[in-house]
Amino acid sequence: MIKNWFKLISLIAVTMTGALLIYGTHDMPAWGDPNSPANSHVSPRYILEATQKTATPNIVSAVLADYRSYDTLGESAVIFTASISCLFLLRRIRGRKEGEGKI
Amino acid sequence: MLEYILAKYNFWIYVILMMIGLYAMMGKRNLVKKLIGMNIFQTSIILFFVSIGVKAGDATVPILKGDGHGHGEHLIQVADYLNPLPHVLMLTAIVVSIATTGVALATLILIYKRYNTLEEDEIMAIRKDASSYKTQR
Amino acid sequence: MGEVIYSAKPLWAVLVSMIAAFLILLTGEKARNLREGWTILAALIKFVIVFSLIEPVLAGKTIEYTLINLLPGVALQFRVDAFGLLFGVVAATLWIPTSFYSIGYVRTLNEHGQSRYFFSFAMCLSSAIGVAFAGNLLTLLIFYEILTIATWPLVIHHEDESAIMGGRKYLIYTLTAGCTLLLAIGITYSLAGTLDFTGGGFLAGHGTPGLLILLLVMFIAGFGVKAGIMPFHEWLPSAMVAPTPVSALLHAVAVVKAGVFGCVRVILFVFGPELLHQLGVWTILAGVVAFTVVVAGLLALGQDHLKRRLAFSTINNLALIILGVSLLSKNAMTGGILHIANHAFMKITLFFCAGAIYAKTHKDHVSQLDGLGRQMPFTFAAFTIAAMGLSGIPPVNGFISKWFLCLGAVETHQIIFLFVILTSAMLDVAFFFPIIYNGYFKKPLPDVAAKIDEAPMIMVIPLCLTALFSIVFGIMPNAFLNFFNIVRLAVTNVLGG
Amino acid sequence: MSDQLPAFIIIAPLLGAFLTPVIGWRYRHLCRPWALMILAVPLYAAGGALLQVIESGPFGYNLGGWAPPWGIEYRIDHLSGLMLVLIAAIGLLAAISAKPGITMDIRGKEANFYTLLLLQITGLLGIVITGDLFNIFVFLEISSLSGYGLIAHGEDGAPMATFNYIIIGTIGASFYLLGVGYLYMATGSLNIADLATILPNLYHSKVILVGFAFFTTGVAIKMGLFPLHTWMPDAYTTAPNPVSALIAPLMTKVAAYLMIRIMFTLFQPDFAISVVPVATILGWMSVVAIIVGGIKALAQTDIKRMVTYIMIAEVGYIVMGISVMNRPGLTGAILHIVNDACMIFCLFLIIGAISYKGHGREIYHFQNLNKKMPWTMAAFVITALSMCGIPPACGFFSKWYLILGTIAAKQWVFAITLLASSLINAILFFRIIEKAYLAPLDSGAHSHDHDHEEEIIARDEAPASLLIPILITTAIIIILGPFSGKIIDLVIQHAVPATF
């Protein structure tokens, strides 16, 4: 009973979130519009400049590793964090029994 | 009307996907299912982002044709190449999603070791017993 | 107002006992004499600093010291004017006898937690001086709140059930009051854009009458809790579980007086007589406190516990002070403000006596005091003097303030208030004189010693001194500390001319 | 050197984190000095950056030399300078104080612990320093992931609490990312300063509205604003003590910082007032948060859990200050971010010290603790008084500005809620202080004239590495109070939008 009640609440919340997101699409530029703000404000410069400035024909690589290289540093830090987290949680220390002091 | 739907439908599909994932995260009682929901949610956001960068027409992947030093066969036209930025962002987001999944799986291992189950209701029941045992003591 | 002197003296007056408080805590139980030495030293230094401020203030100057700017128009600021100085002088002067007396009291009774006791005591005094010298409402509130907290360890000192309950009640009342004040001060600031005390008030011309009346109610309720105005007095008798010197300090010098001081500050220096006349609320205010005066007097009659009886007498007298000020006439104001000082000297004597009796004989009920006057003649003589003073009998100082109060009541043409003041004096007689009668004239109880057997000298001398000063100030109100001149100056500051 | 100062704020702890496992491989005992040394760098650099901001105004730093809308930029203004110093200082103190807690809960995994701690601080610093919306997301994930790892290593129940935190936290971060996506779609930019100039023309676009809604919801989840707080009490209660001391005060405050950034820098203030009624909604949510947080805290007997519920109420304070949308309110909110971080940090440190000494966390375990741990309990009393808003501790001053803000906005319910909450705090803390300082009531032997025959209770104070940070934080709590005017004068008043 409670379970279903909880699911109902989730369903309502999810529906509302989805409705809000779809409501937001109303004012969006059409899909694939080459003149949409996203395609015309910052990114053209990458396409036009990237080869001269970074000597890389692959613009995605140029942006990833140069213009926004700092994001990429963060990205590697994220992976590093995750690996250390997993290590931290799962490594067993000798001389300490698993589940010691726990139920 | 049809034009409107054609202009928006793919955003809607991603939103629906997102909501499937979100519902799994909130409504499911099995922890692995929650995690799968999380992956669906994140993946659909990635798809959503990537679709922002699409340009209708002849646009192609943002790898320049030419010698790599700006002296291409023809002048670079912005409309010829897809918007590279969303792709870049999503490369990072994919990594983030994988990392989160990894840590979540690690906690799931801990949870399973401790409770021998991944059903939230059963875990709650076990914890309730444990705490009432503690207070009796 | 005249010339302004910028000097750090007010700050030092506050800091000296705060520093002493921490030295006391660090010294601890191991070196008792050194610890008590800090108390006495701080008390003396504080008195010297405060005393040195009297002369410039009487010359019409104001001493100012800004610590830190907090808001545009509001600073953490000390400003010593005549009214603040009066409270400051009273607190600083009475701390000296109280510290000696405290030492005697705690050592005689071998109390626990003495370091905590002296620490809190010194903190109380610091914040009381801070309240006195605060230059604006926010600074006042800051020290007022510190005072609230610093008093709590004293109230719960005995750590038994009634003490803890009393402490809880005390905290609930005073912290709620503090919150009310914070809100009221916030509203005041958003109305007037300043919080600096100004003789004659600074709120005139701001806000609607309805809001101003609400504000006044909040202020009086906020400060009135500590001052024990009637619907909010409940905590005071409960807090009587504290050790007697604490009660003396609480009721005579620091805590409740800080409440009264705050009320008077708000009435005279925030709202101002003119605004209150305009709003037409002064009669209501005076009516409320007059009610407190009479009812507290009647309730005191019914108390057998000596300290509770004194507590109700305190409520009665504090209400009398506020009554005098809220009558808004010159003489009533003079009487009310002067009564702050006079009541302090008399009430501290009474509590000292109660404490001396308790320390010596462990008696704390009025009905147990039969014949004790023969065993403890000095204590009872001092008690008699102070009781006479509170009942308004010359030549003790209480007579002067009551005289001015009566004059003021006549000035306002509201004879009812004259009756209230006179009734209160008669009630004072009614609840004090049975004690004196019991002590001197009733057949001694079997356990009363036949010969003179006083409490330790360190307790008896302070109480004799305060009693003596009560008489001296009754005959020469301007002796030593220039109380009367200070009061006159304070009233002039408010009314102008 | 001084030009490159901002870069050191992030790079030092990040590289330090990369190297920590290498050092810990062979020399495990060197991890701690290494981490402390590394953490001193961002503190120094952040202090320098703040001074520079105070002297010559906000400045940017282009990473890799790429101009802002194309590259990523650091943007240090008064608000972020203040936050950087706060995070770096609390991070350093937390690292110093972590030692006893590690020997208790995390023995043998020092290297991993310090790596995650450094990454956590890197993430928090990065969120604050960067001027790029997507970069904020990356750092948010660094801090979240390291937080998940650290919290899951706690007592029984921690993995479950962490899993809930991961799910809800990911929803929050993803909502934030969706917000970025919507904004990017409508504007084509990711740089905050650039967006701030583009956005005002688009305020009535539904894309922007939805983007804003998702931003706020995502951030509200991260800061634990009332209906979205469900992950918080479990996660912070079950986390190891040094971890809760590090994450609990900072994560919520950084999220609050993000909320201020979004509402006042990214968008113009009147967007949240006139275009969408977000301010009103947030205000009432904060009222509920304060009341519910207070009542739930009253119901707890475990002090650590109690503090987490108090945190929910304190988040309500900050949001209330933001929602009244005027100068004193926002000043109070920013001041409260600083004050509350210090107070919550100090409370968790004290809880850590008490647990380290083997005392339980239930209120009845506090019996006689003043004799065993006098310094710790003195710090506790001062922090408690600050939480109740007793001057001169810092809590009073932020409360004062918050109340001025609510009065200026004529929101009387808000003002009364604030006051009621400080009374609730007084009850919460005085019941513990009574327990700790007063003799037990039921012993009965407490006659009036007992002759020093109380049982002698040996002093048993926490180790210096824990006690000294506690005392430093307590001193900061007291000093921040009277000097709040100075902080506002130098820093916070410039952080408040000029239109207020």
Side-chain angles (χ1 to χ4, degrees), chain A residues 13-14 17 19-29 31 33 35-46 49-50 53-54 63 65-96 99-103, chain D residues 10 14 17-18 20-21 63-64 66 69-72 106-109 112-113 115-116 119-120 122-123 126 130 132 134-135 138-139 141-143 145-146 148-150 152-153 155-156 159 175 178 182 184-191 194 198 202 204-211 213-214 217:
Chain A
V14 167
T17 318
L20 188 65
L21 281 168
I22 289 181
Y23 168 80
T25 59
H26 179 72
D27 280 350
M28 277 185 184
W31 180 51
D33 179 6
N35 297 318
S36 69
N39 291 341
S40 59
H41 176 47
V42 171
S43 70
R45 181 129 161 211
Y46 293 133
E49 269 191 7
K53 293 258 166 106
T54 65
V63 178
D66 207 332
Y67 287 93
R68 298 187 67 90
S69 55
Y70 192 60
D71 266 352
T72 314
L73 179 66
E75 180 190 321
S76 52
V78 166
I79 272 291
F80 178 68
T81 312
S83 55
I84 295 287
S85 285
C86 293
L87 214 63
F88 184 58
L89 292 178
L90 300 178
R91 210 175 74 182
R92 293 176 194 206
I93 300 298
R94 258 167 296 156
R96 203 176 145 178
E100 193 182 45
K102 322 266 157 92
I103 44 164
Chain D
I10 302 298
L14 192 57
F18 285 142
T20 313
L63 284 155
W66 297 106
W70 292 277
I72 292 171
I106 319 175
R107 190 190 293 280
K109 296 183 181 175
N112 292 352
F113 173 81
T115 314
L116 289 177
L119 285 167
Q120 172 79 37
T122 314
T130 185
D132 188 280
F134 189 77
N135 205 230
V138 174
F139 281 114
E141 283 299 331
I142 295 180
S143 65
L145 283 170
S146 52
Y148 302 148
L150 287 169
H153 204 284
E155 60 194 57
D156 178 45
F175 274 17
L178 266 176
Y182 271 60
Y184 179 68
M185 186 173 274
T187 61
S189 179
L190 290 171
N191 184 279
D194 192 32
I198 302 173
L202 297 167
H204 290 278
S205 158
K206 293 186 178 83
V207 189
I208 301 296
L209 288 185
V210 175
F214 276 82
T217 320

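Keep in mind that this is a model prediction, so the values were computed, not measured. Just so we're on the same page: letters track the sequence lines, and every chain starts at 1.
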*Go through the atoms of Ile79(A) and report whether side chain, backbone, both or neither lie under 4.5 Å from a heavy atom of chain D.*
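When you check distances to chain D, no heavy atom of Ile79(A) falls under 4.5 Å.
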
Which pair of heavy atoms, one from [X] and one from [Y], lies closest together, and at what distance?
{"X": "Asn112(D)", "Y": "Arg91(A)", "result": "ND2-NH1, 3.8 Å"}
{"X": "His153(D)", "Y": "Leu89(A)", "result": "N-CD2, 3.7 Å"}
{"X": "Leu20(A)", "Y": "Ala213(D)", "result": "CD2-CB, 4.1 Å"}
{"X": "His41(A)", "Y": "Thr187(D)", "result": "CB-O, 3.4 Å"}
{"X": "Ser146(D)", "Y": "Ser85(A)", "result": "CA-OG, 4.1 Å"}

Looking at [atom1] of [X] and [atom2] of [Y], how far apart are the two atoms once the value is rounded to the nearest 0.5 Å?
{"X": "Ser76(A)", "Y": "Ile142(D)", "atom1": "OG", "atom2": "CD1", "value": "8.0 Å"}
{"X": "Ile84(A)", "Y": "Leu145(D)", "atom1": "CD1", "atom2": "CG", "value": "12.5 Å"}
{"X": "Asp66(A)", "Y": "Trp66(D)", "atom1": "CG", "atom2": "CH2", "value": "5.0 Å"}
{"X": "Tyr23(A)", "Y": "Leu209(D)", "atom1": "OH", "atom2": "CG", "value": "5.5 Å"}
{"X": "Ile72(D)", "Y": "Ser69(A)", "atom1": "CD1", "atom2": "OG", "value": "7.0 Å"}
{"X": "Thr81(A)", "Y": "Tyr148(D)", "atom1": "OG1", "atom2": "OH", "value": "12.0 Å"}

Below 4.5 Å, heavy-atom pairs only: which of [options] has the largest tally toward chain A?
{"options": "Val207(D), Ile208(D), Asp194(D)", "result": "Val207(D)"}
{"options": "Thr217(D), Leu63(D), Leu202(D), Asn191(D)", "result": "Leu63(D)"}
{"options": "Val210(D), Leu178(D), Leu14(D), Thr130(D)", "result": "Val210(D)"}

Is it the side chain or the backbone of [X] that comes within 4.5 Å of chain A heavy atoms, both, or neither?
{"X": "Pro21(D)", "answer": "side chain"}
{"X": "Phe175(D)", "answer": "side chain"}
{"X": "Leu190(D)", "answer": "side chain"}
{"X": "Ala186(D)", "answer": "backbone"}

*Are the side chain of Lys206(D) and the backbone N or O of Asp27(A) linked by a donor-acceptor pair below 3.5 Å?*
no

*asked:* Treating Tyr182(D) as the side-chain partner and Met28(A) as the backbone partner, does any N or O pair qualify as donor plus acceptor under 3.5 Å?
replied: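 Between the backbone of Met28(A) and the side chain of Tyr182(D) there is no qualifying donor-acceptor contact (under 3.5 Å).
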
_Phe214(D) side chain reached by Thr17(A) side chain, heavy atoms, under 4.5 Å_ = yes

*State, with a plain yes or no, whether a side-chain heavy atom of Tyr184(D) is found less than 4.5 Å away from one of Val42(A).*
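Not in contact.
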
*So which of Cys86(A), Ser36(A), Ala77(A) has the largest heavy-atom pair count under 4.5 angstrom toward chain D?*
Ala77(A)

*If you count heavy-atom pairs under 4.5 Å between each of Glu75(A), Glu49(A), Lys53(A) and chain D, which one has the most?*
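Winner by heavy-atom pair count: Lys53(A).
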
*Output field: ring centroids Tyr70(A)/Phe139(D) closer than 6.0 Å*: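 Yes: the rings meet the under 6.0 Å criterion.
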
*Aromatic contact, Tyr67(A) with Trp70(D) (centres under 6.0 Å)*: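 Between Trp70(D) and Tyr67(A), which both carry aromatic rings, the centre distance is not below 6.0 Å.
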
